[in-house]
2 protein chains.
Amino acid sequence: MELRHLRYFVAVARHLSFTAAAESLGVAQPPLSQQIRDLEAEIGTALFERTTRRVALTRAGIDFLAQALAILEKSGEAMARARAIGAGAAGIVNVGLTGSMLAGPLGRAIRDFAVAYPDVDLRIHEMSPDRQIAMLKAGQTDISFLRSPPPDADLVSVRAWRETVTLVLPKSHRLAPTAVIELADLSQERFVFLRLSDSLFAKHLWACCVEAGFVPDITHEVVEAASLTSLVAAGLGIAIIPEFVARLAHADVVYRPVAGKTISADVHALWVGERAGPLIGNFLALVRSEA
Amino acid sequence: MELRHLRYFVAVARHLSFTAAAESLGVAQPPLSQQIRDLEAEIGTALFERTTRRVALTRAGIDFLAQALAILEKSGEAMARARAIGAGAAGIVNVGLTGSMLAGPLGRAIRDFAVAYPDVDLRIHEMSPDRQIAMLKAGQTDISFLRSPPPDADLVSVRAWRETVTLVLPKSHRLAPTAVIELADLSQERFVFLRLSDSLFAKHLWACCVEAGFVPDITHEVVEAASLTSLVAAGLGIAIIPEFVARLAHADVVYRPVAGKTISADVHALWVGERAGPLIGNFLALVRSEA
DNA sequence: TGAATTGATATTTTTATCGTATGGATCCGC
DNA sequence: GCGGATCCATACGATAAAAATATCAATTCA
C-alpha cells in the first residue's frame with residue numbers, strides 16, 4: 001500500500017463517484033479504478049459497493065476512510081514539521097549562559113526570538129562557565145554565551161556583542177564625586193570579585209589590574225554577578241562589572257566609567273561546529289542584531 | 001511522498017547505513033540512496049548528514065523518524081482493521097429485540113459472540129416491535145428478533161429458533177393439578193395479555209384462541225412480558241407465554257404445556273438485505289447454533 | 001426503446017523504480 | 001605513507017508500475 005492508494009481512495013469516498021474523483025485528482029478514470037482495485041485486493045476486502053450507477057462505502061470502507069484521512073493528515077504534518085525544523089523555524093534550542101548576560105542584548109533577543117519563531121522551544125540553562133563548556137561538548141546545550149572564553153579546538157566562537165565595564169562604588173566612597181577614574185587609581189582599594197576559579201571574566205579583570213600596575217586586594221569572592229553590587233552597597237569594597245549589568249541600578253551605589261584603556265567585557269557565543277543547526281544561526285543572528 | 005519513502009527512510013535511520021538498510025529491505029543500495037534523495041528533495045531539507053563514512057540523522061530527521069514510524073504503524077493498523085471488518089471479525093452490530101428474547105438462545109448467543117469476536121461491539125436495543133422495524137429500515141439497527149413478524153418487501157426474514165408456549169396458572173387455580181390442558185379448556189378463563197396493539201405475538205395468540213373456538217377474555221394488557229407472570233401470581237388471570245420466558249420461574253405460579261395443536265412462539269431474525277454485512281451473518285449463525 | 005452516463009476492461013504510452021557498473025572519499029592495516 | 005577495503009553517490013540501461021486512450025457493458029432517464 002502506498003499513500004497514493006489512500007489519496008485515491010479518499011477522493012472516491014468523498015465524491016462517491018469514480019469519474020468525479022478522477023477529475024478532482026487530475027487523472028483519468030481507468031487508472032483510478034485500477035488503483036482502488038489493487039488497494040482492495042491488498043486489504044482483502046471491498047471498500048466500495050459499486051453498481052454501474054451507484055458507488056457506496058462498505059462498512060470496512062467507512063472505517064478505512066477515517067483512518068486514511070488521519071494518515072494523510074499526519075503525513076503532511078510530518079513533512080511540514082521536518083521542513084520547518086530544517087529551515088530553523090521549529091525545534092528546540094538549549095542556551096547556556098550565566099545570569100549576568102540577561103541584562104544585555106541576550107535578554108531582549110530571547111524575548112524577540114520567541115515572538116519571531118513561535119514553534120521553537122528556547123530553553124535557558126544558567127550555569128558556571130566550565131559547566132557550560134562541558135554541556136556544549138556533551139550535546140546537552142546547543143549554544144553558550146561567555147565572556148573571555150578559552151580557545152577550544154572543538155568549539156566555534158564568535159563575538160556576540162561588544163561590552164565594556166563599569167566601576168561600582170559605594171555612594172560614600174572617596175572617589176564617588178570623581179568623574180574620570182583610571183584603573184591605576186584603584187590600586188589601594190579593596191575589591192569584591194566573582195570567584196576567580198569560576199569566572200573567566202574575573203580572571204580577565206584581574207589580569208587588567210596587573211597590567212595597570214597592581215594586584216587587586218580581593219576581600220570577597222561571590223558567584224552571582226548581582227551579589228557584587230549588593231556587597232558594594234554594604235561597603236565591603238568596590239567592584240568592576242559589565243556595563244549592561246549596571247542597568248539594574250542600585251540606590252546606594254554610583255556607577256563610573258573606567259577611563260583609559262578600554263577593558264573588554266565582550267560576550268562570545270560558542271557552539272559545536274558540526275552540530276550547528278539553522279536554529280542556532282537564526283538565534284545568534286537575532287542576538288547580534290540586538291546589540 | 002509515498003509510504004515507500006518512509007519505509008526506506010526508517011530502514012536507513014535504524015541501521016544508520018545505506019548498505020545495511022538496503023540489504024534488510026531486499027533492494028540494492030543505489031535505488032535506496034535515490035529514494036532518500038527524492039524524499040529529502042520533496043521535504044526540502046536533509047534528513048541525514050552523510051560523509052562517505054558516517055551516516056547520522058539531522059535534527060529534522062530525528063523528528064521525522066518518529067512521525068514516519070507512527071504513520072507506518074497506523075497504515076498497518078488501518079489495513080488490518082478494514083480486513084477484520086470485511087471478514088466480519090470487527091465492527092459494530094446493533095441488535096433490536098424485546099426483553100422476552102433474552103431468556104432463550106439469544107442471551108447465550110450474545111455472551112458467546114462477545115467471546116468469539118472480541119473486536120466486535122455488540123449493542124442491544126430493547127424496543128417495541130414496530131419501533132424495531134422502523135429502526136431497521138432507518139439503518140439504526142442491523143438485525144432484529146421478533147415473534148411472528150409481518151411480511152415486508154424491504155426486509156429479509158429467517159426463523160432464528162423454534163419455540164412453543166407455556167400456560168401460566170396461579171398455584172391455586174382449578175386447573176393447576178391438571179397435567180394435560182388444551183386451549184379450548186380455557187374458554188371461560190380471564191386472561192392477562194401483552195398489549196395487542198404492540199405485540200405481534202399477542203395478536204398471534206389471540207388468533208389461536210379464536211381458532212380454538214373462543215374469544216379470550218382479556219382483563220389486563222401489559223407491555224413487559226415479565227409482568228405477565230407477576231399478574232398471574234397476583235391472581236388476576238392466566239397467561240400464555242413463550243416457553244423460554246418460563247425459565248425465570250416464579251414461586252406462586254405453575255407452568256403447564258398447552259396440549260393439542262402446537263402454538264408457535266418461534267422467533268424470526270429480520271434485517272435489510274442490502275446492508276447485511278458479514279458480521280450479521282456470523283451473529284445469526286451463532287444464534288441459530290445455540291438453539 | 002434509445003441516448004447518456006458510469007464503471008470496468010484492454011492495450012499502448014509514459015513514468016518511475018530498480019539493478020548493474022562505476023567513481024570518489026574515507027578509513028584501516030601494513 | 002601507501003594500497004586495499006568500505007561506503008555512499010552517480011550514470012545508465014532494464015523492468016515494472018502507473019497513466020492515458022479507446023472501448024465495452026450496464027443502468028438510468030427521457
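The shortest distance between the side-chain N/O atoms of B:S33 and the OP1/OP2 oxygens of D:dT10 is not below 4.0 Å. A sub-4.0 Å separation between OP1 or OP2 of D:dA18 and a side-chain N or O of A:Q34 is absent. For the OP1/OP2 pair of D:dA9 and a distance below 4.0 Å, the side-chain nitrogens and oxygens of B:R50 include at least one atom meeting the criterion. For B:R4, a side-chain nitrogen or oxygen approaches OP1 or OP2 of C:dT17 to under 4.0 Å.
How far CG of A:D119 is from CZ of A:R81: 9.0 Å, rounded to the nearest 0.5 Å. Atom CD1 of A:I71 is separated from atom CD of B:E73 by 10.5 Å, given to the nearest 0.5 angstrom. Between the OH atom of A:Y8 and the OG atom of A:S33 there is a distance of 11.5 Å, given to the nearest 0.5 Å. Taken to the nearest 0.5 Å, the CG atom of B:L270 stands 11.0 Å off from the CG atom of B:D154.
In this structure, the OH atom of B:Y8 is 16 Å from the P atom of C:dA16, given to the nearest Å. Between B:L32 atom CG and C:dC18 atom P there is a gap of 9 Å when expressed in whole angstrom units. Computed from coordinates, the A:E23 CD to C:dG7 C1' distance equals 16 Å when rounded to whole Å. The CZ-P distance, from B:F18 to C:dT26, rounds to 17 Å in whole Å. In this entry the distance linking CG of B:L25 with P of D:dC8 reads 13 Å, nearest Å. Distance B:I36 CD1 to D:dC7 C1': 15 Å, rounded to the nearest Å. One atom, CZ of B:R37, and another, P of C:dC18, lie 16 Å apart when rounded to the nearest Å. Between A:D38 atom CG and C:dA8 atom C1' the separation is 13 Å, expressed in whole Å.
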Do nucleotides 25-30 of chain D as a string where each nucleotide becomes B, S or -: B if the base has a protein heavy atom under 4.0 Å, S if just the sugar-phosphate does, - if no protein is that close.
-SBS--
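With C:dT20, D:dC8, C:dC18 as the candidates, the nucleotide lying closest to the side chain of B:A28 is C:dT20. The A:P31 side chain lies nearest to D:dA19 when the options are C:dC18, D:dA19, C:dG7.
A donor atom on one side chain and an acceptor atom on the other are not found under 3.5 Å apart for A:D38 and A:H5.
The backbone N or O of B:A22 lies less than 3.5 Å from no partner atom in the side chain of B:Q29, so there is not a single donor-acceptor pair.
At a threshold of 4.0 angstrom between heavy atoms, the contacts of B:F48 with the nucleic acid are absent.
Nearest-nucleotide positions on DNA chain D for A:P30 and A:H5 put A:H5 closer to the 5' end.
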For B:E2 and A:R7: C-alpha separation, side-chain torsions, deciding distance, then whether salt bridge (charged side-chain N to carboxylate O under 4.0 Å, His left out) applies.
CA-CA 10 Å; B:E2 297 295 342; A:R7 284 187 281 263; 2.6 Å; yes
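Checked by distance alone, B:Q29 brings a side-chain donor or acceptor within 3.5 Å of a matching partner on the base of D:dA9.
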